[in-house]
Protein chains: 2
Amino acid sequence: MADKNINDVKNPVQSAERIFGVLEMLAVTGPIGLVELSTKLVLHKSTVHRLLLSLICMGYVNQDEETGKYMLSFKIVELSGKILSKVDIITKVRPFIEELANSCRETVHFVQRRGTDVFYLEKVAPLNPQESAIRMASQVGFSRPLYCSAVGKAILAEMKDDEIKYIWDNSVVEKKTEKTITGYQELQMELAQIREKGYALDNEENEIGVRCIAACIKNHNGIPNNAFSISAPVGRMTDERIAILAQDVLKTRMIIQKALGH
Amino acid sequence: MADKNINDVKNPVQSAERIFGVLEMLAVTGPIGLVELSTKLVLHKSTVHRLLLSLICMGYVNQDEETGKYMLSFKIVELSGKILSKVDIITKVRPFIEELANSCRETVHFVQRRGTDVFYLEKVAPLNPQESAIRMASQVGFSRPLYCSAVGKAILAEMKDDEIKYIWDNSVVEKKTEKTITGYQELQMELAQIREKGYALDNEENEIGVRCIAACIKNHNGIPNNAFSISAPVGRMTDERIAILAQDVLKTRMIIQKALGH
DNA sequence: AACCTTGTTTCATATTATGAAACTTTTTTC
DNA sequence: GAAAAAAGTTTCATAATATGAAACAAGGTT
């Protein structure tokens with residue numbers, strides 16, 4: 001993932017560094033007491049207390065009346081909603097994503113590249129009681145490495161060789177399942193295949209039991225910044241069905257590119 | 001809405017106040033230049049510049065390479081995802097919400113009370129191409145006053161009289177449509193009806209063309225903190241269909257309360 | 001009842017943020 | 001295409017702010 005202060009540039013505002021540290025820690029821990037929090041952050045409890053008061057004052061944090069523990073309010077969720085509502089690629093693409101989910105009756109994701117990862121911007125789940133397995137796996141606001149997801153590989157396949165190499169070198173390659181690609185050569189061959197077919201597959205490389213089909217979407221400069229995928233349990237994702245769904249994916253990609261006008 | 005520094009208590013950390021001011025402003029404006037931003041915030045451009053550098057350093061802000069404008073990254077969305085994934089009422093209730101959306105083929109929302117508002121925690125939209133009208137109207141992360149939504153009224157109906165009065169007095173009552181309730185007496189009569197029937201209706205009180213049916217959910221202390229609703233365009237929400245859907249809503253409420261074990 | 005842990009407040013001090021000004025770069029105007 | 005204006009960035013002395021030790025308060029535990 002590798003954020004934690006891009007570069008090691010010193011933060012020009014110390015208290016900003018600290019207060020966002022508190023915020024991010026709270027997002028990870030959930031409700032927590034002052035001493036435990038200050039221990040985790042390696043900050044004086046007096047300092048953390050003051051920062052918490054500030055966050056409470058701004059509406060980002062609440063203190064549980066009964067337990068005294070501090071926790072995040074939904075103000076961040078609210079901000080997130082405002083941010084997403086301004087991302088116009090989502091509103092432009094959503095109808096087609098929904099159409100695809102509707103016609104194939106499977107979960108469809110829409111992602112955006114962010115450094116070495118893909119970031120999940122939108123999920124459309126079909127109302128199909130059988131497949132609750134997939135439903136929980138991925139959510140808006142989460143991210144995955146490019147190299148081990150169908151959406152990621154679809155994007156990679158359209159990038160220049162040196163960019164691909166750079167991303168590979170800066171990714172933490174991890175064998176998530178026995179099928180995860182962990183060699184650069186292997187990835188290159190895979191990408192060549194994707195270029196040929198026009199779509200990418202994730203054959204249980206990320207999570208056992210889940211297969212995906214993805215295609216990328218280029219922006220007005222021809223840069224592959226987005227992608228979408230169909231995800232389904234292996235049981236419903238046979239090779240025969242992949243052949244069919246792949247056609248839907250390719251068709252949807254074409255329609256979206258045309259709708260975007262580039 | 002009325003946040004903006006709960007009470008008028010002075011923020012104990014000035015730079016926190018300012019840096020979150022920058023963050024919130026960026027969420028509203030979208031990409032924006034330094035001078036315009038500092039003018040809006042009534043802060044020296046040098047100060048705003050330093051705060052922006054700090055936000056960039058922490059990964060919350062990006063600067064557009066071409067235009068030089070500053071904008072929020074998706075880090076807030078990521079935090080929001082983490083927060084929501086920890087709200088266990090959502091995971092507990094989701095299956096039943098989905099089941100309801102599935103059986104009635106309409107959009108279902110799940111909300112939580114927050115002061116004088118309801119806050120939208122989850123939306124399940126059926127894959128039904130006809131009804132794109134509703135789909136966009138409400139989203140996770142947004143909020144509405146209690147008094148003018150079905151979910152809000154369902155919650156209010158279960159509250160004590162003095163609490164209802166308090167909320168009414170602290171709500172900004174606004175005639176959103178010609179059917180919006182704007183009198184306290186009128187609201188009280190409406191709430192009495194809701195108590196009798198067990199469910200609440202929004203008959204185009206919030207938005208012309210949209211009707212909703214809602215029921216509230218009580219927590220382990222018997223406090224009505226959550227609610228869910230079915231929303232649909234008037235065309236599909238005839239009085240006859242309301243009678244049918246109301247039964248689904250009541251049944252779902254019962255199942256959820258039982259599943260929550262209180 | 002004494003002791004420990006957690007949470008809160010105070011305050012002198014040192015550190016940090018501030019913003020004016022200088023400077024650079026980009027855009028606009030004539 | 002030169003001059004002017006606007007936007008963006010950097011520097012630095014100074015004023016203001018954040019800091020954390022210490023004292024205090026409130027629950028909890030032995």
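When rounded to the nearest whole Å, the span between CG of A/Leu53 and C1' of D/dA18 equals 14 Å. Rounded to whole angstrom, the span from the NE2 atom of A/His49 across to the P atom of D/dA26 amounts to 14 Å. In this structure, the NE2 atom of B/His44 is 15 Å from the C1' atom of D/dA15, given to the nearest Å. The separation between A/Leu43 atom CG and D/dT19 atom P is 8 Å, rounded to whole Å. Rounded to an integer number of Å, the gap from CD of B/Gln14 to P of D/dT17 is 5 Å. Here the C1' atom of nucleotide D/dA18 and the CD atom of B/Glu17 are 15 Å apart, to the nearest Å. If you take CZ of B/Arg18 and C1' of D/dA18, they are 14 Å apart, rounded to a whole angstrom.
Other residues, nucleotides and ligands place no more than 12 heavy atoms under 6.0 Å from the OH atom of B/Tyr166.
Each of D/dA7, D/dT9, D/dA18 was ranked by its minimum atom distance to the side chain of B/Gln63; first place goes to D/dT9.
Each of B/Arg50 and A/Ile32 has a nearest nucleotide on DNA chain C; the 5'-most of these lies closest to A/Ile32.
A salt bridge links B/Arg114 with A/Glu78; the closest basic N to acidic carboxylate O contact falls under 4.0 Å. Residues A/Arg113 and A/Glu158 are not paired through a salt bridge, judged by the lack of any N-O separation under 4.0 Å between the basic side chain and the carboxylate. Salt bridge B/Asp169/B/Lys165: present, at least one basic N to carboxylate O contact under 4.0 Å.
In this structure, A/Ser15 reaches the sugar-phosphate backbone alone: every heavy-atom distance under 4.0 Å involves primed, P, OP1 or OP2 atoms, never a base.
The only member of A/Ile223, A/Leu191, A/Ile164 that meets side-chain contact (heavy atoms from CB on, under 4.5 Å) when paired with A/Met159 is A/Ile164. Only one option out of B/Leu84, B/Val111, B/Ile97 pairs with B/Leu121 in a side-chain contact (heavy atoms from CB on, under 4.5 Å); it is B/Leu84.
For the contact set between residues 64-72 of chain B and DNA chain D, defined by any heavy atom under 4.0 Å, the members are B/Tyr70.
Relative orientation of the B/Trp168 and B/Tyr147 rings is perpendicular, given thresholds of 30° and 60° on the angle between their planes.
The aromatic ring centres of A/Phe20 and B/Phe20 sit less than 6.0 Å apart. Aromatic ring centres of A/Phe228 and A/Phe110 lie farther apart than the 6.0 Å criterion allows.
Interface limits on DNA chain C: the 5'-most and 3'-most nucleotides within less than 4.0 Å of chain B heavy atoms are C/dA17 to C/dA20.
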